[in-house]
**Student:** 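If you scroll down you'll find the structure; I have some questions about it.
Start at 1 and go down the list; that is how both ligands and their atoms are numbered.
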Amino acid sequence: MYGKEIKKILVTREQIAKRVKELGEQITRDYAGEPLTLVCTLRGATLFFADLVREIRGDVEIDFIACSSYGAGTTSSGEVKMIKDLSSPIAGKNIIVVEDIIDTGTTLYYLKKLLEARNPKSLKVCSFLDKPSRRKVEFKGDYIGFEIENEYVVGYGLDYDQKMRNLPDVCVLAPEVYMGDLNKVL
Ligand code: IMP
């Protein structure tokens, strides 16, 4: 069903739905009776975020933040920029930052420090995917959907050059796409 730009499906929509439900149940149990603010990191986490919040029971608020460590392409620039800040203060609140993927760890290391300085009651990180073999900065997520190998993935919110976020499964991008041999595959 996908074109030549996709090497293979890595995580199917059914596997995603099952895991997101489990994460929602785990978070519901961990915060039982406590109000919780879920922070969505734009843009990659939006699809995961929308599914996850609906699997969490209890008193939940949502907010959005955008940082960027990537230019166009598949490698991090190593520089993190804040593009959009939260709409509300987080002092004294239970916060879970919801991210699409932990790769080098640079973005979340920066983001966590920035948010910790605002004195939340608690601050945890929930990432849909984790690529531990790619770490440049030591960082560990509190809730992880799937641990994956060192392959560039797209779909379910994750992009290549702002495209393919709408694919319903998590797919491995054909390396020819970012090796510049586009004519071969597209
Ligand atoms: P980090 O700062 O290197 O951990 O990078 C985190 C960001 O890089 C993620 O939020 C993604 O937007 C992007 N990223 C890293 N790996 C991938 C991938 O395999 N596919 C799509 N985006 C990725």
**Student:** Answer yes or no for Lys131: is there a heavy-atom contact with ligand 1 below 4.0 Å?
**Tutor:** yes
**Student:** Of all the heavy-atom pairs spanning Asp103 and Lys131, show the shortest one and how long it is.
**Tutor:**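 Distance-wise, the nearest heavy atoms are OD1-CD, 3.5 Å.
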**Student:** Is it true that, when you exclude Glu149 itself, more than 12 heavy atoms of the residues, nucleotides or ligands shown sit nearer than 6.0 Å to its CD?
**Tutor:** no
**Student:** When you measure from the side chain of Asp159 to the backbone N and O of Arg165, does any donor-acceptor pair fall under 3.5 Å?
**Tutor:** no
**Student:** Short list, please: which atoms of ligand 1 are under 4.0 Å from a heavy atom of Thr107?
**Tutor:** 1 (P), 2 (O), 5 (O), 6 (C)
**Student:** Heavy-atom count around Lys84 NZ within 6.0 Å, excluding the residue itself: above 12?
**Tutor:** yes
**Student:** With a cut-off of 6.0 Å (strictly less than), are more than 12 heavy atoms of other residues, nucleotides or ligands near OH of Tyr109?
**Tutor:**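 Check fails, neighbour count at 12 or below.
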**Student:** Quick check on contacts: which atoms of ligand 1 are under 4.0 angstrom from a heavy atom of Asp159?
**Tutor:**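 Those of ligand 1 that fall under 4.0 Å from Asp159 are 21 (C).
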**Student:** So which of Thr104, Leu108, Asp100 gets nearest to atom 1 (P) of ligand 1, if we judge by its closest heavy atom?
**Tutor:** Thr104
**Student:** Under the salt bridge (Lys or Arg N to Asp or Glu O under 4.0 Å) rule, what pairs show up with a residue in residues 26-36, not counting sequence neighbours?
**Tutor:**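 Only Glu34-Lys121 qualify under salt bridge (Lys or Arg N to Asp or Glu O under 4.0 Å).
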**Student:** Using a plain distance cutoff, I'd like to know if Ile102 has any nitrogen or oxygen under 3.5 Å from a nitrogen or oxygen of ligand 1.
**Tutor:** no
**Student:** Could you tell me how the ring of Phe128 sits relative to the ring of Phe146: parallel (under 30°), tilted (30 to 60°) or perpendicular (over 60°)?
**Tutor:**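 Correct class here is perpendicular.
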**Student:** Just let me know how Asp103 lines up against ligand 1, side chain, backbone, both or neither, with a heavy-atom cut-off below 4.0 Å.
**Tutor:** both
**Student:** Can you tell which part of Arg134 has a heavy atom less than 4.0 Å from ligand 1: side chain, backbone, both or neither?
**Tutor:**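 Near ligand 1, Arg134 shows nothing, with every heavy atom at 4.0 Å or more.
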**Student:** Nearest heavy atom to atom 22 (N) of ligand 1: which of Tyr109, Tyr152, Tyr160, Tyr110 does it belong to?
**Tutor:**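 Heavy atom nearest to atom 22 (N) of ligand 1 belongs to Tyr152.
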**Student:** Using a strict 4.0 Å cut-off to heavy atoms of Leu158, name the atoms of ligand 1 that fall inside it.
**Tutor:**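 Near Leu158, meaning under 4.0 Å from one of its heavy atoms, ligand 1 has 20 (N), 21 (C), 22 (N).
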**Student:** Please list, one pair per line, the donor and acceptor atoms closer than 3.5 Å that link side chains of residues 42-51 to other protein atoms, with sequence neighbours excluded.
**Tutor:**
from: Arg43; atom 1: NH1; to: Gln162; atom 2: OE1; distance (Å): 3.1
from: Thr46; atom 1: OG1; to: Arg43; atom 2: O; distance (Å): 2.9
from: Asp51; atom 1: OD1; to: Arg54; atom 2: NH2; distance (Å): 3.0
from: Asp51; atom 1: OD2; to: Tyr156; atom 2: OH; distance (Å): 2.6

**Student:** With side chain to side chain contact (heavy atoms under 4.5 Å, CB included) as the criterion, how do Ile96 and Tyr143 come out once you've worked through the C-alpha distance, each side chain's angles and the decisive distance to 0.1 Å?
**Tutor:** CA-CA 9 Å; Ile96 299 183; Tyr143 302 96; 4.2 Å; yes
**Student:** For ligand 1, which atoms have a heavy atom of Glu99 less than 4.0 angstrom away?
**Tutor:** 10 (O)
**Student:** Any heavy atom of Gly44 closer to ligand 1 than 4.0 angstrom?
**Tutor:** no
**Student:** So which of Gly155, Gly157, Gly105 gets nearest to atom 4 (O) of ligand 1, if we judge by its closest heavy atom?
**Tutor:**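 Of the listed residues, Gly105 has the closest heavy atom.
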**Student:** Taking a cutoff of less than 4.0 Å between a non-hydrogen atom of the residue and any ligand atom, is Ile101 in contact with ligand 1?
**Tutor:** yes
